Amino acid sequence: MNNLIVNWWQSQQLKFSLKRGDIRRAVQLLQEIQKSGARFSWLEKLFRDKLHTLDDYVILAKKL
């Protein structure tokens with residue numbers, strides 16, 4: 001039961017961090033959620049995919 005509450009709280013914090021534009025905190029929270037083994041919500045999956053896309057873009061830009 002405790003893990004359920006902690007996971008929910010972290011998801012809420014991530015959502016509010018994204019609303020505030022605090023990307024650094026959102027990334028930290030996403031990593032914590034991933035380490036806990038919880039399943040990602042649709043918003044967390046979308047944010048994770050966006051980060052991977054940005055990483056791919058940066059790597060490609062460095063090669064050019």
Side-chain angles (χ1 to χ4, degrees):
M1 184 66 173
N2 255 355
N3 285 342
L4 181 64
I5 295 169
V6 169
N7 292 340
W8 174 82
W9 181 245
Q10 287 177 331
S11 291
Q12 294 302 310
Q13 287 181 317
L14 183 119
K15 181 170 71 172
F16 293 131
S17 293
L18 289 173
K19 281 185 179 182
R20 286 191 313 265
D22 188 357
I23 303 301
R24 181 173 292 168
R25 178 71 178 141
V27 169
Q28 290 173 343
L29 288 164
L30 188 68
Q31 290 173 343
E32 289 176 19
I33 293 168
Q34 187 174 11
K35 287 179 187 176
S36 74
R39 290 182 9 180
F40 285 143
S41 69
W42 67 270
L43 181 62
E44 294 158 355
K45 288 178 185 176
L46 184 64
F47 182 58
R48 178 197 60 194
D49 292 346
K50 180 181 177 182
L51 289 175
H52 285 293
T53 302
L54 288 174
D55 285 344
D56 293 344
Y57 176 76
V58 169
I59 290 169
L60 181 63
K62 285 182 180 180
K63 288 182 180 179
L64 297 177

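Nothing here was measured: the structure is a model prediction, and the numbers come from that model. As a basis for the values below, the full set of heavy atoms in this structure was taken, side chains included, without hydrogen atoms, waters or symmetry mates.
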Common cluster, Trp42/Phe40, ILVMFWY with side-chain heavy-atom separation under 4.5 Å
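Same cluster: Trp42 reaches Phe40 through Ile, Leu, Val, Met, Phe, Trp or Tyr contacts under 4.5 Å.
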
Hey, any chance Trp9 and Phe16 share a hydrophobic cluster, counting ILVMFWY side chains that come within less than 4.5 Å of each other, even indirectly?
no

Roughly how far, to the nearest 0.5 Å, is OG1 of Thr53 from CZ of Arg48?
10.5 Å

Can you tell me how far CD of Gln28 sits from CD of Gln10, rounded to the nearest 0.5 angstrom?
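Nearest 0.5 Å value for the CD-CD distance: 11.5 Å.
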
Over all atoms of both residues, closest heavy-atom pair of Asn7 and Ala38:
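Shortest heavy-atom contact: ND2-CB, 3.5 Å.
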
Between Ile33 and Ser11, does a side chain to side chain contact (heavy atoms under 4.5 Å, CB included) hold up when you go through it step by step?
CA-CA 8 Å; Ile33 293 168; Ser11 291; 4.2 Å; yes

Are Ile23 and Phe47 close enough, and set up right, to give a side chain to side chain contact (heavy atoms under 4.5 Å, CB included), and what steps lead you there?
CA-CA 10 Å; Ile23 303 301; Phe47 182 58; 4.3 Å; yes

Among Glu44, Glu32, Arg25, which one satisfies side chain to side chain contact (heavy atoms under 4.5 Å, CB included) with Leu14?
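It is Glu44, the one option of Glu44, Glu32, Arg25 that forms the side chain to side chain contact (heavy atoms under 4.5 Å, CB included) with Leu14.
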
Any side-chain heavy-atom pair from Leu29 and Ser17 closer than 4.5 angstrom?
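Of all side-chain heavy-atom pairs linking Ser17 with Leu29, at least one is under 4.5 Å.
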
Let me see the working for Gln34 and Leu30 under side chain to side chain contact (heavy atoms under 4.5 Å, CB included), right down to the final yes or no.
CA-CA 6 Å; Gln34 187 174 11; Leu30 188 68; 5.7 Å; no

